[in-house]
Peer 1: 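Can you read through this structure? Questions will come right after.
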Amino acid sequence: MQPFTEKAISIIKGIPPGMVMTYGQVAAYAGSPRGGRQVARLLHSMSGKYDLPWHRVVNAQGQIMIQDPEARFAQQTFLQQEGVEVSVNGKIDLSRFNFHPESE
DNA sequence: CGATTGACGCAGA
DNA sequence: ATCTGCGCCAATC
């Protein structure tokens with residue numbers, strides 16, 4: 001079985017500390033270049049079921065798109081603890097922290 | 001098996 | 001710069 005979820009999970013778990021990836025990137029590496037929403041729904045639903053470092057996943061804008069204030073706060077806190085500089089607005093420098101796997 | 005969901009992404013106004 | 005709308009697409013209910 002190689003559902004989109006399993007790949008997404010594997011990829012997310014492969015993100016090193018202090019780095020982040022966008023939903024779109026995770027989805028793309030999982031096999032669905034347009035499946036960002038699937039990753040979103042995945043984390044939304046399975047965040048507490050899987051052992052995922054979901055806090056290392058942000059949107060394409062480098063921002064925390066989470067609506068839950070607690071989860072949102074938790075994510076920026078985790079990122080800061082790992083060395084990621086999160087702005088007060090929850091903005092992250094993708095130019096510096098966007099994890100780029102060795103595709104080549 | 002059918003409909004809903006959904007932490008996105010991007011184009012257009 | 002901000003807001004609105006539409007398309008994706010697989011997991012979940």
Side-chain angles (χ1 to χ4, degrees):
Chain A
M1 175 180 179
Q2 299 181 339
F4 175 82
T5 326
E6 294 298 306
K7 288 188 177 181
I9 290 169
S10 182
I11 294 163
I12 293 171
K13 292 176 66 174
I15 305 175
M19 299 295 288
V20 298
M21 283 186 73
T22 72
Y23 297 94
Q25 286 180 315
V26 175
Y29 287 107
S32 295
R34 286 14 192 182
R37 308 180 70 174
Q38 283 64 266
V39 180
R41 197 201 56 76
L42 167 65
L43 297 183
H44 174 95
S45 189
M46 321 300 287
S47 56
K49 299 180 174 58
Y50 289 86
D51 178 45
L52 297 179
W54 56 272
H55 56 263
R56 296 186 191 146
V57 187
V58 295
N59 68 3
Q61 302 164 76
Q63 297 184 301
I64 298 174
M65 192 42 169
I66 306 178
Q67 301 172 1
D68 295 79
E70 296 180 89
R72 186 175 62 197
F73 180 77
Q75 180 167 21
Q76 55 187 321
T77 302
F78 284 127
L79 291 173
Q80 290 175 344
Q81 290 181 51
E82 298 193 340
V84 179
E85 296 178 55
V86 184
S87 303
V88 186
N89 297 312
K91 185 63 179 300
I92 300 169
D93 281 88
L94 290 181
S95 347
R96 299 169 54 185
F97 301 108
N98 180 30
F99 175 56
H100 184 267
E102 298 76 47
S103 307
E104 312 303 305

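These numbers were taken from a predicted model, which means no experiment stands behind them. Sequence lines set the chain letters: A, B, ... in the order given, protein chains first and strands last, and positions in each chain run from 1.
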Peer 1: Side-chain contact, heavy-atom cut-off 4.5 Å: A/Arg56 with A/Phe99?
Peer 2: no
Peer 1: So, the side chain of A/Asn59 versus the backbone of A/Gln61: is there a donor-acceptor pair under 3.5 Å, distance only?
Peer 2: yes
Peer 1: Can you tell me if A/Ser45 uses its side chain to pair, donor with acceptor, with the backbone of A/Arg41 under 3.5 Å?
Peer 2: no
Peer 1: On a heavy-atom basis, which atom in A/Ala30 and which in A/Phe4 lie closest, and how many Å separate them?
Peer 2: CB-CE1, 3.5 Å
Peer 1: Sub-3.5 Å donor-acceptor pair from the side chain of A/Gln75 to the main-chain atoms of A/Val57, do we have one?
Peer 2: yes
Peer 1: Return a single string for nucleotides 6-13 of chain B, one symbol per nucleotide in 5' to 3' order, where B is base contact, S is sugar-phosphate-only contact and - is none, cutoff 4.0 angstrom on heavy atoms.
Peer 2: BBBS----
